[in-house]
Peer 1: 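Handing you a structure now.
What's counted below: heavy atoms across the whole structure, side chains too, no hydrogens, waters or symmetry copies. The shown structure was predicted, so the numbers you read here are calculated from the model rather than taken from an experiment.
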Amino acid sequence: ADITPAHDQAITHRYHMTYPEHGPRESDPAYADFHAFKGNRKKAGTWYCDFAHEFRAGDTSECDLTKPLEAHHRHIEWAMLNEVDLTLLEAQYPGVSSMGVGKWVESAENLELLCVWHHRSHAGKHTAAYADFEAQKDIRRLIS
């Protein structure tokens, strides 16, 4: 059988996002919960990159730890909360409508800690295609 040798391939994704209207995050009452999440993780001794902890058994050799860890919104970004369809979100997270979307968006259920590499680099959750980011869980140094 013909085998394709290992190779590098440049990939570009380009599309437009439509962000709903939103005010400054700092004035949102639930923003304090975002900071509390980080404080609670420090107090609990769980201040680590969740990617390394969950998928690398704590091995941070692929992490960028030269900068502070960052809290990432796992499911719904703060800037999107004004357009969240509560019927859809409630189906996945029962009880969220009684909590309020803003409070839930800034809660531990929607937040995780990531190093800069796994958060905002070209290989991070905010940049890499979902399938590629997910594949990194099982393939070391997939995105370079």
Peer 1: First locate atom CG of Asp64, then atom OG of Ser121, and finally report the distance between them rounded to the nearest 0.5 Å.
Peer 2: 8.0 Å
Peer 1: Within the distance-only criterion (no hydrogens, no angle test), does the side chain of Gln136 pair as donor or acceptor with the backbone N or O of Leu142 below 3.5 angstrom?
Peer 2: no
Peer 1: Using the side chain to side chain contact (heavy atoms under 4.5 Å, CB included) rule, take Trp47 and Lys38 through it: C-alpha gap first, then chi angles, then the decisive distance, then the call.
Peer 2: CA-CA 8 Å; Trp47 188 256; Lys38 295 194 296 185; 3.9 Å; yes
Peer 1: Closer than 4.0 angstrom, basic N to acidic O: yes or no for Asp28 and Lys103?
Peer 2: no
Peer 1: Thinking salt bridges, do Glu106 and Arg74 make one under a 4.0 Å N-O criterion?
Peer 2: no
Peer 1: Among residues at least two apart in sequence or on other chains, which ones pass salt bridge (charged side-chain N to carboxylate O under 4.0 Å, His left out) with Arg140?
Peer 2: Asp59, Glu62
Peer 1: For the side-chain contact (heavy atoms from CB on, under 4.5 Å) test, which of Asp132, Thr127, Ile11 pairs with Ile143?
Peer 2: Asp132
Peer 1: Salt-bridged, Lys125 to Glu112, with N to O below 4.0 Å?
Peer 2: yes
Peer 1: Any idea which heavy atoms bring Val96 and Leu86 closest together, and the distance?
Peer 2: CG1-CD2, 4.0 Å
Peer 1: To the nearest 0.5 Å, what is the distance between NZ (Lys42) and CG (Leu69)?
Peer 2: 8.5 Å
Peer 1: If I take atom CE from residue Met99 and atom OG from residue Ser107, how far apart are they, to the nearest 0.5 angstrom?
Peer 2: 4.5 Å
Peer 1: In this structure, is the centre-to-centre distance between the rings of Tyr31 and Phe34 below 6.0 Å?
Peer 2: yes
Peer 1: Rounded to the nearest 0.5 Å, how far does CZ of Arg41 lie from NZ of Lys43?
Peer 2: 14.0 Å
Peer 1: Evaluate the criterion side chain to side chain contact (heavy atoms under 4.5 Å, CB included) for residue pair Asn110 and His75; output intermediate values, then yes/no.
Peer 2: CA-CA 6 Å; Asn110 188 47; His75 310 289; 3.3 Å; yes
Peer 1: Which label fits His53 and Tyr48: parallel for a plane angle under 30°, tilted from 30 to 60°, or perpendicular past 60°?
Peer 2: parallel
Peer 1: Evaluate the side chain to side chain contact (heavy atoms under 4.5 Å, CB included) criterion for residues Trp104 and Leu89: first the C-alpha distance (whole Å), next the side-chain angles of each, then the deciding distance (0.1 Å), finally the verdict.
Peer 2: CA-CA 10 Å; Trp104 182 84; Leu89 190 61; 4.0 Å; yes
Peer 1: Within this structure, what is the CG-OG1 distance for the pair Leu113 and Thr46, rounded to the nearest 0.5 Å?
Peer 2: 7.0 Å
Peer 1: If a pair satisfies ring-ring contact (aromatic ring centres under 6.0 Å, His included) and one of its residues is in residues 105-135, list it, with sequence neighbours excluded.
Peer 2: Phe51-His118, Phe51-Phe133, His72-His119, His72-His126, Trp117-His122, His119-His126
